[in-house]
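Accompanying notes for the structure given below.
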Amino acid sequence: MADPLLFNPRTYDPAHFDPETRRLLRATVDWFEERGKRKLIEDYRSRAWLADFLAFSAKEGLFATFLTPASAADGQQDKRWDTARIAALNEIFGFYGLDYWYAWQVTILGLGPVWQSDNAAARARAAELLAQGEVFAFGLSEKSHGADIYSTDMLLEPDGNGGFLASGSKYYIGNGNAAGLVSVFGRRTDVEGPDGYVFFAADSRHPAYHLVKNVVDSSKYVSEFRLENYPVGPDDVLHTGRAAFDAALNTVNVGKFNLCTASIGICEHAMYEAVTHAHNRILYGRPVTAFPHVRRELTDAYVRLVGMKLFSDRAVDYFRSAGPDDRRYLLFNPMTKMKVTTEGEKVIDLMWDVIAAKGFEKDTYFAQAATEIRGLPKLEGTVHVNLALILKFMGNHLMNPAEYAPVPTRLDAADDDFLFRQGPARGLGAIRFHDWRTAYDAYAEVPNVRRFREQADALCAFVTTAAPDEEQSRDLDLLLAVGQLFALVVHGQLILEQAQLTGLEEDVLDELFAVLVRDFSAHAVELHGKDSATEDQQSWALGAVRRPVVDDARSARVWERVEALSGAYEMKP
């Protein structure tokens with residue numbers, strides 16, 4: 001019997017979506033399943049460009065249907081920007097291979113500045129290119145200073161006729177080899193300061209666009225390209241001045257959310273392989289899964305993965321319900337990017353400890369999963385960048401709640417148009433949140449939720465009695481340790497909200513929070529050891545350490561769920 005908490009292609013039926021979304025998601029699964037595992041792995045090993053996948057997408061209108069907002073859909077009812085179904089497709093792509101997801105992801109990033117633009121000609125061109133099955137690219141990063149958009153060296157020289165000639169290079173640009181439209185960030189040579197920023201649309205097939213190379217050894221085409229006197233006319237200009245800067249940051253806000261569900265898909269496929277292998281391998285006359293440490297590692301991996309899914313699914317609701325007066329998604333977004341993807345690394349590592357050498361074999365999905373899972377925490381801003389961003393919200397989230405109407409589950413067929421009118425990318429410290437304690441109160445009788453709540457309350461005491469002083473506030477190493485503790489509280493909050501909405505079994509929730517209690521304790525010990533930690537902070541850190549509530553019967557029941565994954569799914573050869 002399939003586990004209802006995990007994606008399984010054998011039983012997948014996204015009946016909660018509208019008919020066309022349901023058809024396209026199932027058609028995507030069927031396309032991968034019909035190709036089979038051998039072809040999937042062969043393409044990954046040979047670094048083949050994804051031409052057949054993109055041909056399938058074009059034929060089905062997959063990208064066009066999912067990535068054209070209603071405002072650009074010319075009345076076609078099935079086209080909309082719907083975060084719930086985008087998340088579902090991320091999970092499917094991750095399940096079959098991150099290369100497929102990456103071509104889709106950088107198309108999303110490339111479209112961000114276009115759909116935020118008032119340039120009707122550029123929007124119409126993008127919609128038509130999508131309908132033709134083209135992919136897109138996001139030309140932001142540069143070789144010498146990464147995504148530091150203050151320092152861009154893509155220069156636009158006025159041509160004397162109201163347009164510009166753009167020259168400069170971009171580095172680490174996905175789909176740069178094939179994009180019908182590349183959203184490129186640069187600055188004018190005749191205007192100083194932020195007023196000189198420009199986002200413009202370029203075509204990778206233009207003679208002034210020079211493809212230098214693929215900078216990675218992969219099917220992903222992560223390009224370096226160079227523009228030499230590329231003509232930029234009024235129909236190509238997407239944003240100017242401060243609006244160009246905001247478009248860059250707001251595009252990343254939209255795009256980096258996709259990393260969490262891709263990570264989930266990778267872990268799910270790898271888990272089926274790992275549990276099946278371990279359960280059927282005999283060592284010293286016993287199945288590998290008979291050993292207590294193996295059961296613990298696989299159970300921890302399973303509940304961490306369930307936590308990843310619960311958090312991400314709930315975060316979708318806040319994305320879709322966002323507006324000018326509700327920007328809570330700006331905390332939950334870097335959480336999905338930072339916390340969920342690093343949880344994915346832990347899930348793979350736990351399973352890899354169990355299957356050991358099997359995880360290197362070339363005929364497994366696991367071998368590529370173990371490699372590709374590392375990339376997600378490092379894309380769209382490092383873990384440290386996103387953790388520092390999360391810290392901006394800590395005071396208001398923990399100590400200064402506000403009243404909000406409850407946010408429902410958002411699986412409705414609606415267009416998430418606010419994502420393309422987010423406005424100025426500032427004022428994060430003023431964002432307010434609903435009371436995080438409400439979610440914990442609903443599960444106060446669950447032993448490990450109650451124990452974790454003690455740690456969360458202790459963090460509030462830390463903020464009021466032992467918070468970093470002015471000098472320590474410049475010590476990012478210390479602050480990041482505090483950020484990990486705060487992130488765990490937020491992680492637990494949305495997990496509990498989603499658990500209540502979905503009726504999650506209490507055994508699974510209790511086992512999951514036993515893991516979170518251990519994690520909080522580990523980060524508290526890390527804070528204790530920081531060079532600049534004061535005596536009060538050291539004392540607080542040790543006082544926040546807790547032991548999870550142990551229940552052998554509960555753990556055995558959760559293990560039965562994990563054990564049942566053996567043979568539950570195997571991709572056809």
Side-chain angles (χ1 to χ4, degrees), residues 1-8 11-18 21-22 25 82-92 94-95 257 260-261 263-265 267-268 271 299 301-321 328-329 332 335-336 339-340 343-344 347 404-414 434 436-450 452-453 488-516 554 557-558 560-562 564-565 568:
M1 181 178 176
D3 188 318
L5 298 178
L6 302 186
F7 169 74
N8 186 331
T11 58
Y12 182 61
D13 180 11
H16 49 283
F17 288 120
D18 63 275
T21 298
R22 186 177 178 183
L25 292 173
D82 176 337
T83 304
R85 66 179 186 175
I86 286 172
L89 193 55
N90 286 329
E91 185 176 3
I92 291 169
F95 190 91
F257 179 79
C260 65
T261 34
S263 180
I264 289 165
C267 291
E268 287 171 319
M271 180 160 279
T299 300
Y302 173 79
V303 296
R304 284 188 187 275
L305 176 53
V306 169
M308 292 163 65
K309 293 199 74 169
L310 293 168
F311 184 92
S312 301
D313 286 348
R314 185 57 175 151
V316 165
D317 301 333
Y318 287 97
F319 250 72
R320 304 199 71 198
S321 300
R328 287 174 287 177
Y329 74 102
F332 303 139
M335 279 289 302
T336 57
K339 185 63 181 174
V340 176
E343 284 291 287
V347 169
Y404 286 93
V407 170
T409 298
R410 292 293 310 275
L411 295 173
D412 48 306
H434 59 297
W436 60 273
R437 297 168 185 82
T438 304
Y440 286 88
D441 289 344
Y443 285 96
E445 299 308 312
V446 177
N448 281 302
V449 174
R450 185 167 61 249
F452 186 81
R453 169 65 186 273
L488 278 166
V489 177
V490 181
H491 189 56
Q493 175 194 347
L494 262 60
I495 286 171
L496 291 171
E497 290 184 12
Q498 188 68 5
Q500 189 167 34
L501 289 167
T502 58
L504 181 71
E505 287 186 21
E506 188 174 301
D507 282 343
V508 176
L509 190 65
D510 200 13
E511 196 75 15
L512 169 56
F513 269 81
V515 171
L516 300 188
R554 176 200 71 219
R557 291 190 295 270
V558 177
E560 289 175 2
R561 297 180 66 105
V562 181
L565 298 177

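Aromatic pair Tyr329/Tyr318: ring centres not closer than 6.0 Å. A distance of 6.0 Å or more separates the ring centres of Phe452 and His491.
From Asp441, atom CG reaches atom OG1 of Thr438 across 6.0 Å, with rounding to the nearest 0.5 Å. How far CD of Glu560 is from OG1 of Thr299: 10.5 Å, rounded to the nearest 0.5 Å. Atom CG of Asp313 is separated from atom CD1 of Ile264 by 6.5 Å, given to the nearest 0.5 angstrom. Remark: Leu565 CG to Leu6 CG distance equals 6.0 Å, nearest 0.5 Å.
Val562 is not listed as a side-chain neighbour of Met271, based on a closest heavy-atom distance of 4.5 Å or more. With contacts defined as side-chain heavy-atom distances shorter than 4.5 Å, the pair Lys339/Phe311 does not qualify. Two residues are said to be in side-chain contact when any heavy atoms from C-beta on lie closer than 4.5 Å; Val490 and Trp436 fail this criterion. Considering only heavy atoms from C-beta on, Leu310 comes within 4.5 Å of Thr502 through its side chain. Two residues are said to be in side-chain contact when any heavy atoms from C-beta on lie closer than 4.5 Å; Leu496 and Leu509 meet this criterion. Counting only heavy atoms from C-beta outward, the side chains of Tyr302 and Asp3 approach each other to under 4.5 Å.
The two residues Val303 and Val508 have their closest heavy-atom pair at CG1-O, 4.2 Å. Heavy atoms only, all atoms of each residue included: Gly492 and Leu516 are closest at CA-CD1, 4.3 Å. When all heavy atoms are compared, the tightest approach of Ala568 to Asn8 is O-ND2, 3.2 Å. Nearest heavy-atom pair across Ser321 and Val407 is OG-CG1, 3.6 Å. Minimum interatomic distance between Leu305 and Cys267 (heavy atoms only, all atoms of both residues): CD1-CB, 3.8 Å. Closest approach of Val340 to Cys260, counting heavy atoms only: CG1-CB, 3.6 Å.
Listed for the Tyr12 side chain is no donor-acceptor partner under 3.5 Å among the backbone atoms of Leu25. Without hydrogens or angle criteria, Lys309 side chain to Leu5 main chain gives a donor-acceptor distance under 3.5 Å. Put simply, the side chain of Glu268 gets close to the backbone of Phe7: a donor and an acceptor are under 3.5 Å apart.
Partners of Asp412 according to the salt bridge (charged side-chain N to carboxylate O under 4.0 Å, His left out) rule, which considers only residues two or more places apart in sequence or in another chain, are Arg320, Arg410. Applying the salt bridge (charged side-chain N to carboxylate O under 4.0 Å, His left out) test to Arg328 and every residue at least two apart in sequence or in another chain returns Asp326. For Glu497, the salt bridge (charged side-chain N to carboxylate O under 4.0 Å, His left out) partners are Arg314, not counting sequence neighbours.
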Inset, instruction - Test Arg554 against Glu506 for side-chain contact (heavy atoms from CB on, under 4.5 Å), laying out the working first. - result: CA-CA 9 Å; Arg554 176 200 71 219; Glu506 188 174 301; over 6 Å; no
Inset, instruction - Run the numbers on Thr261 and Val316 for side-chain contact (heavy atoms from CB on, under 4.5 Å), then give the verdict. - result: CA-CA 11 Å; Thr261 34; Val316 165; over 6 Å; no
Legend entry - Stepwise side-chain contact (heavy atoms from CB on, under 4.5 Å) test for Arg85 and Leu411: CA-CA 8 Å; Arg85 66 179 186 175; Leu411 295 173; over 6 Å; no
Inset, instruction - Dump the intermediate steps for side-chain contact (heavy atoms from CB on, under 4.5 Å) on Asp510 and Tyr443, then the final yes or no. - result: CA-CA 10 Å; Asp510 200 13; Tyr443 285 96; over 6 Å; no
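Here Arg557 does not pair with Glu505 in a salt bridge; the nearest charged N to carboxylate O distance is not below 4.0 Å.
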